[in-house]
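See below for the structure under consideration.
Each chain gets a letter, A, B and so on, in the order the sequences are listed, and its residues count up from 1.
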Amino acid sequence: MDLPEIPADWLTPPDLATAARVQRELAGRVVPHGPDGPVRTVAGVDVSQFGRDPSGRVFAAVVLLDAATRETLEVGTAMRVAPIPYVPGFLGFREVPALLAAFQALSRPPDLVLVDGHGISHPRGLGIAAHLGVLLDLPAIGVAKSILVGAPAGEPGPGRGSRVPLVWQGRTIATVLRSKDRVAPLYVSTGHRIDGETAVDWTLRLGGRYRLPEPTRRAHEAANAFRRAWGSGAAEGSDD
DNA sequence: GCGACAG
DNA sequence: ATCTTGTCGC
């Protein structure tokens, strides 16, 4: 698929102060409602990396699947060197470039994107799911495995589908959701062009058997497979 | 100043 | 995120 025009500073700011400014700017562009059109295809994205690899290489994967049958339609991958090391609150600047390249490898854009990480439940309202969603201008949901900011308003029941709000500074920024019976909850938030309730609906609709919804789960496997394949082929001279 | 801190 | 054996529970 083709990518929208994206200012270089939005991808690689010179320093964290500038990065924070960019995040506030992009956070203002997040559309917290939708999707407007039908959702027939969904994409799951994730990145993998070598342990304490000083090179900063990130291996991204995007898996496109049929929203109704869950059949995998396409898999796109890409490797990039992260501009910055991991800093809580700035994950997007590290992983988005590689993810965008992976999307470029797809033949068509998805109707919805599920991202491994937070959406608006972020200090400046721009977690990686919102960051990627705004740059691609596609509906996106943040599905995180742990909290970045905020506190659960109580504890969700033990059954799949039980939920409680994640509150921060007096505002509900995400939903603490039990995606499977008796497993640690997920933190689902708006990424872009979707409301919180619909984000939770889709997360449940695309999951069931495992803690993570199918799109994100498959992307995690794909990114890992891609990294391992790259690792055992780099010695032969292949690059990117 | 002291902790907290997505992946 | 990644490194790893055994172990607890359905």
*Base, backbone or nothing for each nucleotide of nucleotides 2-7 of chain B, written B, S, -, heavy atoms under 4.0 angstrom, 5' to 3'?*
---BBB
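The local environment of CG in A:Asp2 is sparse, with at most 12 non-hydrogen atoms from other residues, nucleotides or ligands closer than 6.0 Å.
In this structure the side chain of A:Val45 never reaches within 4.5 angstrom of the side chain of A:Asp116, judged on heavy atoms. By the 4.5 Å heavy-atom criterion applied to side chains, A:Gln49 and A:Met79 are not counted as neighbours. Contact annotation: the side chain of A:Phe103 approaches that of A:Leu136 to within less than 4.5 Å [non-hydrogen atoms, C-beta and beyond].
The pair A:Arg178-A:Glu155 meets the salt-bridge criterion, since a charged nitrogen lies less than 4.0 angstrom from a carboxylate oxygen. Taking a cutoff of 4.0 Å between a charged side-chain nitrogen and a carboxylate oxygen, A:Glu221 and A:Arg217 qualify as a salt bridge.
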*For DNA chain B, what is the dot-bracket line, given that a base pair needs Watson-Crick (N1 to N3, plus N6-O4 or O6-N4) or G-U wobble (N1-O2 and O6-N3) geometry with both distances under 3.5 Å, and | means paired with another strand?*
.......
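If you check every strand for non-hydrogen atoms under 4.0 Å, A:His220 touches sugar and phosphate atoms only.
Between the C1' atom of C:dT2 and the CG atom of A:Asp53 lies a distance of 11 Å, rounded to the nearest Å. Put simply, NZ on A:Lys180 is 11 Å from P on C:dC10, counting in whole angstrom units. Here the P atom of nucleotide C:dC10 and the CZ atom of A:Arg182 are 6 Å apart, to the nearest Å.
Side-chain atoms of A:Arg218 and A:Thr72 include a donor-acceptor pair closer than 3.5 Å.
Residues that satisfy the ring-ring contact (aromatic ring centres under 6.0 Å, His included) test with A:Phe90, not counting sequence neighbours, are absent from this structure.
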